[in-house]
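Heads up: the structure comes next, in structure tokens.
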Amino acid sequence: QVQLVESGGGLVQPGGSLRLSCAASGTALDDYAIGWFRQAPGKEREQVACISTSGGDTFYSDSVKDRVTISSDNAKNTVYLQMNSLKPEDTAVYYCAAGLILWTGDYCPDETDYDDWGQGTQVTVSS
């Protein structure tokens, strides 16, 4: 129902910052929950943050809490993930996902609740 395109990844030194974007098309995100996921080689996919685009509720995984901020700009139909103090273990392909999910903000929806996924953007943290 919605097409998602991630951008903003790249190579960054430890301690650096990146701002990832998830641009949506096909429909407005007003009623959607958006999640940011990452997957490193040999590891399971991990949801690092989520947001309700209608209510503004957010939640973060312990692995990135205090280092990342998820936000939405409904006028641009885009969700962002600001990442600071990056570490080598943050290296992964980062994906955004969208779903028409009732969102309470107590925790992120399960990854199986999301319906649409982007193609991913590579983040590499290395010196």
Main-chain N/O of G120 paired to E6 side chain as donor or acceptor, under 3.5 Å: yes

Candidate pair Y60 and T69, rule side chain to side chain contact (heavy atoms under 4.5 Å, CB included), full reasoning: CA-CA 8 Å; Y60 302 91; T69 301; 3.8 Å; yes

Among Y114, Y95, W36, side chain to side chain donor-acceptor pair (under 3.5 Å) partner for Q47: Y114

Residue pair P109 / C50: nearest heavy atoms and the distance that separates them: CD-SG, 4.0 Å

Donor-acceptor contact below 3.5 Å, side chain S72 vs main chain V79: no

ILVMFWY cluster, Y94 and I51 together (side-chain gap under 4.5 Å): yes

Beyond-backbone contact of M83 with V48, side-chain heavy atoms, under 4.5 angstrom: no

Atom pair CD1/CG of I101 and D115 - distance to nearest 0.5 Å: 7.0 Å

C96 SG to Y80 OH distance, which is reported to the nearest 0.5 Å: 12.0 Å

Same apolar cluster: F59 and V64, side chain cutoff 4.5 Å: no

Side chains of S61 and S63, donor plus acceptor under 3.5 Å: yes

T58 OG1 to I34 CD1 distance, which is reported to the nearest 0.5 Å: 13.5 Å

Main-chain N/O of L29 paired with N77 side-chain donor or acceptor, under 3.5 Å: yes

Check: S17/N84 side-chain N/O donor and acceptor closer than 3.5 Å: yes

Closest heavy-atom pair and its distance - D90, S85: OD2-O, 4.4 Å

Test item: N74 side-chain N/O and T53 main-chain N/O as donor-acceptor pair under 3.5 Å: yes

Same cluster (ILVMFWY, side-chain, under 4.5 Å), V93 and L81: no

Straight-line distance of L11 CG to Q122 CD, nearest 0.5 Å: 9.5 Å

Exam field: side chain D73 to backbone T78, donor-acceptor pair closer than 3.5 Å: no

Path from L4 to L20 over hydrophobic side-chain contacts below 4.5 Å: yes

Contact summary for P14 and S127, nearest pair of heavy atoms: CD-N, 3.7 Å

Side-chain (Q119) to main-chain (V5) donor-acceptor, under 3.5 angstrom: no

Approximate separation, where rounding is to 0.5 Å, of L18 CG and T121 OG1: 8.5 Å

Sole candidate of E46, E89, E111, E44 that passes salt bridge (charged side-chain N to carboxylate O under 4.0 Å, His left out) when paired with R38: E46

Distance in Å, D30 CG paired with L100 CG, rounded so as to fall on 0.5 Å steps: 11.0 Å

